Structure formats: structure tokens, C-alpha cells
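Shown below is the structure under consideration.
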Amino acid sequence: MALLVRLLPLALALALEPAATLAGPSKSPYQLVLQHSRLRGRQHGPNVCAVQKVIGTNKKYFTNCKQWYQRKICGKSTVISYECCPGYEKVPGEKGCPAALPLSNLYETLGVIGSTTTQLYTDRTEKLRPEMEGPGSFTIFAPSNEAWASLSAEVLDSLVSNVNIELLNALRYHMVDRRVLTDELKHGMALTSMYQNSDIQIHHYPNGIVTVNCARLLKADHHATNGVVHLIDKVISTTTNNIQQIIEIEDTFETLRAAVAASGLNTVLEGDGQFTLLAPTNEAFEKIPAETLNRILGDPEALRDLLNNHILKSAMCAEAIVAGLSMETLEGTTLEVGCSGDRLTINGKAIISNKDVLATNGVIHYIDELLIPDSAKTLFELAAESDVSTAVDLFRQAGLSTHLSGNEQLTLLAPLNSVFKDGTPHIDASMKNLLLNHIIKGQLASKNLYHGQTLDTLGGKKLRVFVYRNSLCIENSCIAAHDKKGRYGTLFTVDQVLSPPMGTVMDILKADNRFSMLVAAIQSAGLTETLNREGIYTVFAPTNEAFQAMPPGDLNKLLGNAKELANILKYHVGDEILVSGAIGPLVRLKSLQGDKLEVSSKNNAVCVNKEPVAEVDIMATNGVVYAISSVLQPPATRPQELVDELADSALEIFRQASAYSRLLSISGY
């Protein structure tokens, strides 16, 4: 209870704060994160912000709700510290940070916020300090002291050896000749710098992180008498080349350069926009089998899909990624972009070797592994990455590789590896024909399949589609995973080896010696024509042993009464088709006799009316047969006296309810 009382003010503040913004302008993501950090730090006094610091580093982040509870940044643990929010300072002897920082000019503000190295280099130039101390309105993106220290000696020497040209120009590139606060820093915008009007690229991400030429904003909105200072974590430099131009000049992109030219995507990469190119190096292309690479490079559509799969629709700087997120490519696929420590990851793999190469129309990250989309793969390549490798080996052994690696429009039904846990079948002519019936003509999508649809196979069979509430099945094989649509073929992963229909229900029963007594009974009951004609029946077929298990007197009585026999047999026939993959905990199936059958499945064992099924999914052209080891009995008709008793009880309840209603009325209720 005490904990609840302590948390209630914070919960109310978090809940009510967004409502307060309805009357005014909406807050930017950065401001919302800063607001959350203030709320988390308020118990330590006014203007205190909670800050997450990555253990073992100097990296600090204002915290959002998700990071607060996870206590991780890029998978690394963090500790919470409490610091003065931007623009405030401590007062000796008082709690929190009650005092606003003194307002001074830009030059002095640099020292106040901890960018003393920027202040030092400003002093070395002849012109810049007077400008920072004089009248006007400016914005400075000031590199932290650590940012300057991280520059290579070569770069730093080139700057300080010519302070009034190189250093002055570098510092002016960090400045804008107007005051720009974070609420004006919009995602994808460009600010005009004070160095040759060169653009500064701004990105403001939903997680509250703001980047300036991919440098992260550490502390923002430090007001000065003549402008505002934002502290950033890198020294930024001018960018003049677009993505295409960078590809053209980098030796490590020789193969990529040729691929882009062949695909015609150079117009996209040199045009307007803000993209992220996950640029495969020459090494990435060399890792791909030559046959696969040559096939894709020689196929304009596959090549375009391949390259589009490396282009994200928006610019994503590495500093903005603090946890996993899904990003859409120009190809339409989704990549999982994340981080592990200081390394970026794509789909969980740390394959980025160089990050944040800035271009005028986006950012480039070098990757050492090709990201081949499904749309550029053959059926064999799709299957190689799925849990169907055993089935693929069978197709290869049967000499069907050309169908799965060529340019035929096909759909492959590939059973899961678990289907073959008891061993793989021997490849002979019959097995090869069965495998051909797992290859459907045409490239299909499961979302377009409908109940009753028929599909033609390379083996010459027609397969039926059955749509159930929670299952989509082709004959007895139900789809067990999402489609994988390749360049020419689509992969359907299925839960069973396909059993194509081999005749009518009567044909199936006559061909199997286990059902000889059932066949005789069907003929005696006059149901042969029913089970031979077109239909969609589910037949629970008692074996000879099931009939022989009946008491001899009962069996003889049943077989000697054609009407009763027909009634019993109709109770074994459902009026719709139900394959085992569509059976859940309980399915009620109406029989031709009129009563319902209760069919259930648990741990891959199927039961009907709680009786175990010996064999499932014997497919027929007009239904499906299940072999059962007992003769099912319809529910007994209720005795008349039980019906009369129920009627009397219902009448008495009605009388009592009427009397109670009158009593309430008299009492005034």
C-alpha cells in the first residue's frame, strides 16, 4: 500500500501530462523524452533529470519509458544517475537544481555546458570569438570535449595548422545564422550552415534522439543572449556527394557499382530523398555462390529486388538506434535493425563494417553480407533456409531439381522435417510421382486460395483446397508457415506428406481388406450409390475388427435390420470434409443420420466420440476416410417419461416465478 501511495503522484503526472499539451502545440519526441526524464528525477528536487549511463562507457541518454524499465541500451546494462536538466544548475545547500543557468553570450555558454575545447579553438581563430560575443542570433552545434579528442591526429593537425581557414571553416560549419530550438528540428530537414551555405542534415527520431549529420544531440536548447547552443557527440564535416557519387568513388563498391548501373537504380540513389543504403562491399558479393550471383546479375527483376532490399525508406543514423526496430525497404520487405554494444545489427547479425557515411540524400552503412530477398530466390534457395531440408533432398534425389531451380511458375508443397522423424522414404517411380504431385502449376499465394478450389500438379492430379476457421489445407496437407514467394516459385511449408485422392470413398473401402465387412454392410443398407457419387464426406470407417468386437447377438441383429443398419452407418458419415490438420480440441460434425459427431485432436491423436482413430486422412475424390476400431452408436432417444418429467419441472419453475413477480409488485418494488 505504501508503495502504491508513493507511485501514485508519478502515475498521475505521466497520465495527465499529455492531456495538458492538447491545448497547446504538441511536443517533439526529444521534448517528450526530456519530460519523462524530469518526471523520473523529480523526487530528487526541482529540475533534476534521470539519465541512463551505459556501464563501462561515457554514453548517457535521457530516458524514455521503455528504456527505464529495461535498463538497457543496445543490449548493454545501464545505471541511472540524476543530473541537472539542461539550463539549470545546483545551489549549495538546496535540493535539486533550483537555479537557471546565467544567461550569457554564445562564447561563454560554450564553457558553461562543457564544450571548452570548442571554446579554445574559437579563441585560436581571429574572427569567430568576437562574432560569438557580439550581437546577432545564432545556433551552434558544439562538439563535446570527447568529440574533439576522438579526432585522428591527422585530421586535428590539418585543422590547427591553418586556424584562420581550415579551423574557422570547420567551426562555421557547426553554426547557423539564426536561433533554432529542438522543436524546430524536424526529421529529414536541412539547415543552412555559415560555411558556404552548406547543408547540415537533421534527423529527429520517434525515440527522442536527434542527430546532426549523424552526430547525436547530447544536451540541447542552452539559451544564450545571442542564440542557442546544442552539445553534440561528434565533430561534423561537410557533405557534398549523394549516395550514388559515393558508390562511384569507393573501390570497395566495384561490384555494387556495376549492379546499380545494370538495374537502373542510379537515378534513385542520386535523386532527392533521405535513404539508408546498406551497401554490400565486394567481399559481400564474393561470399555468394557464383551460380547464384550470376543468375541474379543476369535477371533485371531479381537484381532490382536485391538492391531495393538494401535501401531503407528513411535515413537511419547509427546513433539513433538504441534497441531493435523494424524498417521497411524499397523492395517492400522488413529488416530488423538493431545494435549490440557499439555494433549495428541487421536481422540479428553484426554485418556492418563501417557506419554513418553521410550523403546529401541519406546515409550509407557498409555491410559484409548480401541481403538476398525471397523475391530474388529460386525454390531451392527458399527451401534451404526453411525447416524442409529433408523434403528438398528427396526432390533432388528424385531428379526434380530443374523444376525447383528454373524459371517455371510453380508452387512447392514441402513437408516439415519433423514429418520424416521415423525415416525417409525410398525413391522409386511411385515416390517420384508422389513428389511431382507436391509441385503445383502456377505461382500461388495462400491468401488467394478459396474453399473448393482445385489445383493442377505436375504429376497430373487435381488437388482440392479446404479452408477452415484456423487452417488452410490442400488435401490432407495443411499449411504450417507463411508463404515464401520467390522469383518464379512459392514455397508452402506443410504439416504432412500429401495424399492425393485415389478414387471414391467406396473405391477406397473396397481396395482395403480391413473394410470388407463395412463394404458388405454398406451394400446391404443401400448406401453404395451415396458413397460413390460426388460429395464432401468424412467417413469414420469401422474395420473388420470393430464389427467382430460387437456381441454376436447385437451384430447379427444389426446386420439383419436394413433400416437400423442404414441409420447406424449414416451416423459414421459427416456431411462435410474434415482433414486431421483442421481438427482442434473439439469439432462437432453433423452426420448424415442427423446427430452430431464429436471429433477432437490432442497430441496428434484424433478421437471421434472419444474413441481413438486408427488411421487418418485416407483421401478420396468425394471425401476423406478415417479408420476406427469400434462401431459408433448414435445417442439414445430420451424415454418419454424423462421428457414428461422435464416438462413438469419447467412448468413448476414458471409458476413459482410468476408468484414471486406478483409479490414484488404488491410490495411496491
Side-chain angles (χ1 to χ4, degrees), residues 451-452 463-464 466 468 471 473-478 496 498-550 555 558-559 562-584 586-601 605-635:
H451 193 74
L463 306 179
R464 296 159 297 176
F466 305 123
Y468 302 99
S471 301
C473 307
I474 299 173
E475 294 298 336
N476 63 306
S477 299
C478 298
Q496 293 189 59
L498 181 76
S499 295
M502 304 302 291
T504 67
V505 168
M506 280 306 296
D507 293 333
I508 297 290
L509 297 177
K510 287 179 179 179
D512 193 327
N513 290 332
R514 292 179 298 171
F515 303 121
S516 59
M517 291 184 69
L518 175 60
V519 169
I522 290 171
Q523 292 169 340
S524 297
L527 295 176
T528 303
E529 183 180 350
T530 299
L531 298 181
N532 263 328
R533 68 189 178 204
E534 288 187 11
I536 46 171
Y537 304 118
T538 298
V539 179
F540 295 97
T543 61
N544 295 341
E545 288 77 8
F547 284 104
Q548 292 164 357
M550 293 180 65
L555 178 59
L558 176 63
L559 296 178
K563 183 178 178 180
E564 180 63 20
L565 179 60
N567 188 60
I568 291 288
L569 293 177
K570 286 180 179 179
Y571 183 62
H572 288 73
V573 182
D575 65 355
E576 59 181 289
I577 194 163
L578 180 67
V579 298
S580 63
I583 301 173
L586 179 63
V587 177
R588 302 191 74 206
L589 186 65
K590 186 177 180 182
S591 71
L592 297 186
Q593 176 263 354
D595 287 314
K596 291 189 175 180
L597 297 158
E598 293 190 347
V599 190
S600 61
S601 178
V606 176
C607 292
V608 55
N609 291 0
K610 299 183 180 180
E611 296 291 336
V613 171
E615 184 179 351
V616 302
D617 296 338
I618 308 171
M619 304 306 295
T621 55
N622 60 344
V624 59
V625 175
Y626 290 77
I628 59 175
S629 301
S630 59
V631 177
L632 305 175
Q633 298 294 327

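Every value quoted in this text rests on a predicted model; they were computed, and no experiment measured them. Residues take their numbers from the sequence shown, with the count starting at 1.
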For Met619, is there any backbone N or O sitting under 3.5 Å from a side-chain donor or acceptor partner on Ser499?
no

List the residues meeting side-chain hydrogen bond (donor to acceptor under 3.5 Å, both in side chains) with Thr528, not counting sequence neighbours, and say none if there are none.
none

Can you confirm whether Ser591 sits close enough to Val573 that some side-chain heavy atom of one is under 4.5 Å from a side-chain heavy atom of the other?
no

Any sub-3.5 Å donor-acceptor pair from Asn622's side-chain atoms to Tyr537's backbone N or O?
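The answer is no, because no donor-acceptor pair under 3.5 Å joins these two groups.
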
side-chain hydrogen bond (donor to acceptor under 3.5 Å, both in side chains) against Asn609, all qualifying residues, sequence neighbours excluded
Tyr571

Once the angle between the rings of His451 and Tyr468 is folded into 0 to 90°, is it parallel (under 30°), tilted (30 to 60°) or perpendicular (over 60°)?
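Judged by the thresholds at 30° and 60°, the geometry between His451 and Tyr468 is perpendicular.
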
For Ser580, all residues meeting side-chain hydrogen bond (donor to acceptor under 3.5 Å, both in side chains), sequence neighbours excluded:
Gln496, Asp617

Who passes salt bridge (charged side-chain N to carboxylate O under 4.0 Å, His left out) against Asp512, sequence neighbours left out?
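Listed in chain order: Arg514.
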
Which donor-acceptor pairs under 3.5 Å do the side chains of residues 501-508 make with protein atoms, sequence neighbours left out?
from   : atom 1 : to     : atom 2 : distance (Å)
Thr504 : OG1    : Met506 : N      : 3.4
Thr504 : OG1    : Asp507 : N      : 3.2
Thr504 : OG1    : Asp507 : OD2    : 3.1
Thr504 : OG1    : Asn532 : OD1    : 2.8
Asp507 : OD2    : Thr504 : N      : 3.0

Looking only at atom types and distance, does a side-chain atom of Asn476 sit under 3.5 Å from a main-chain N or O of Leu498, one as donor and one as acceptor?
no

Can you name the salt bridge (charged side-chain N to carboxylate O under 4.0 Å, His left out) partners of Glu598, sequence neighbours left out?
Arg588

Does anything in residues 521-548 form a salt bridge (charged side-chain N to carboxylate O under 4.0 Å, His left out)? List the pairs, not counting sequence neighbours.
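For residues 521-548: none.
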
Selection residues 610-633 - residue pairs positive for ring pair (Phe, Tyr, Trp, His ring centres under 6.0 Å), sequence neighbours left out
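The answer is Phe540-Tyr626.
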
Got a donor-acceptor contact below 3.5 angstrom from the Thr538 side chain to the Glu576 backbone?
yes

Spell out, as yes or no, whether a donor-acceptor pair under 3.5 Å connects the side chain of His572 to the backbone of Leu632.
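It does hold such a pair.
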
Hey, are the side chains of Ile568 and Pro634 touching, using non-hydrogen atoms and a 4.5 Å cut-off?
yes

Sequence neighbours left out, what passes side-chain hydrogen bond (donor to acceptor under 3.5 Å, both in side chains) with Asp575? Give chain and number order.
none

